[in-house]
Amino acid sequence: MFFIKSNDNAKIAVYDLNPSGEKTIVLVHGWPLSHKMFEYQIPTLLELNYRIIMIDLRGFGNSDVTYTGYNYNQFATDLYYVIYALNLWNFDLLGFSMGGAVVTRYMKMYQGYGVRKLCLLDAAVPSYCKSYSNPYGQTIEDTNKLIQLGLNDRPKLNEYFGSIFFYQEPSNPFKAWFQNLNNTASGLGEMNSLVALRDENIFDDLRYMNVPTGIFHGKEDKICPFGMAKIMNKNIRNSILYPFEKAGHGAFYEVKNQVNKSLVQFLKS
């Protein structure tokens, strides 16, 4: 692990596996996780001799906890500063959940700088909450309740989030690991970015997607319902939808073999 400073001097934690790999992929985690969520994708990507670069978004994992900056524009800027500092080009970019929204904003703000292919995994796109462009999202009222819960008892919020994350029941040890991973987020990062999830809409960003895009989505997703994947597929040019049966928001784990196989298929195509 090492740090790269963003435009406001916030230190972003970066993890660079297999630096001499033939190809490069950049992975961006979701809310309120960290780079560790990709544990079950890493071996598959290494088998393909990928250089794997992961970051912790500000306020999460080992990155700096800042007073402000928990919005899609700043997250996308942080990502750009990492990509530019590492001199990356012709790389694949993957974002999960809120990370999917972040990479979508990156594609608009930085004209897809350096990206070969884009992967959206159970992405919070075009919006987390219901809006003019998304009838499938969460309600603002329910999200406000989550915000109030987190401000009073953030571990309880994380416990609830974990209870609806998976369609298939994971083992008790895995649930404990997942809860701990959620709890490692900072209070400022987790709660302020939940406000961003509530308020931001990136439907208009979809027309800026200028590279082949794979949309990977669990059909039983209760957090970012599958209808959102259909909206993405309809509005992103040159996109392919990979639906996963019997998988919720945590498809990357509960049907990891199918997700990894589809990811490899898309990246190789």
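As the structure is a computational prediction, the values presented were derived from the model and not from experiment.
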Practice prompt. Sequence neighbours left out, what passes salt bridge (Lys or Arg N to Asp or Glu O under 4.0 Å) with K5? Give chain and number order.
Written response: none
Worksheet item: Taking atom CG of D92 and atom CG of L267, what is their separation to the nearest 0.5 Å?
Response: 5.0 Å
Item to complete: Rounded to the nearest 0.5 Å, what's the gap from CG on L93 to CG on L118? Could you check?
Response: 5.5 Å
Polar contact flag, side-chain donor to acceptor under 3.5 angstrom, [X]-[Y]:
X    : Y    : result
N7   : Q74  : yes
T139 : D142 : yes
N144 : R198 : yes
N201 : S133 : yes

Worksheet, complete the sentence: Contacts of Y50 meeting ring-ring contact (aromatic ring centres under 6.0 Å, His included) (sequence neighbours excluded), chain-then-number -> none
Item to complete: For Y160, enumerate each residue passing the ring-ring contact (aromatic ring centres under 6.0 Å, His included) test, keeping only those at least two apart in sequence or located in another chain.
Response: none
Looking at [Y] and [X], is any side-chain nitrogen of the basic one under 4.0 Å from a carboxylate oxygen of the acidic one?
X    : Y    : value
R105 : E200 : yes
E220 : K246 : no
D78  : R58  : yes
R51  : D16  : yes

Does any N or O in the side chain of [X] come within less than 3.5 Å of the main-chain N or O of [Y], such that one atom is a donor and the other an acceptor?
X    : Y    : result
D56  : H35  : yes
S239 : N233 : yes
N235 : I231 : yes

Worksheet item: How about Y128 and W31: are their ring centres within less than 6.0 Å of each other?
Response: no
Practice prompt. Classify the ring geometry between Y242 and F266 as parallel (under 30°), tilted (30 to 60°) or perpendicular (over 60°).
Written response: perpendicular
Worksheet, complete the sentence: Of Y72, Y110, Y106, the one forming a side-chain hydrogen bond (donor to acceptor under 3.5 Å, both in side chains) with T77 is Y110
Practice prompt. Could you point out which residue of Y167, F38, F174, W177 forms a ring-ring contact (aromatic ring centres under 6.0 Å, His included) with Y253?
Written response: F174
Worksheet item: Can you tell which of H29, H217, H249 makes a ring-ring contact (aromatic ring centres under 6.0 Å, His included) with F96?
Response: H249
Fill in: W89 vs Y113, ring-ring contact (aromatic ring centres under 6.0 Å, His included): CA-CA, chis, key distance, verdict
CA-CA 8 Å; W89 189 258; Y113 175 87; 5.3 Å; yes
Discussion item. Taking the cut-offs as 6.0 angstrom to the six-membered ring centre and 45 degrees off its axis, would you call K175 and F178 a cation-pi pair?
Written reply: no
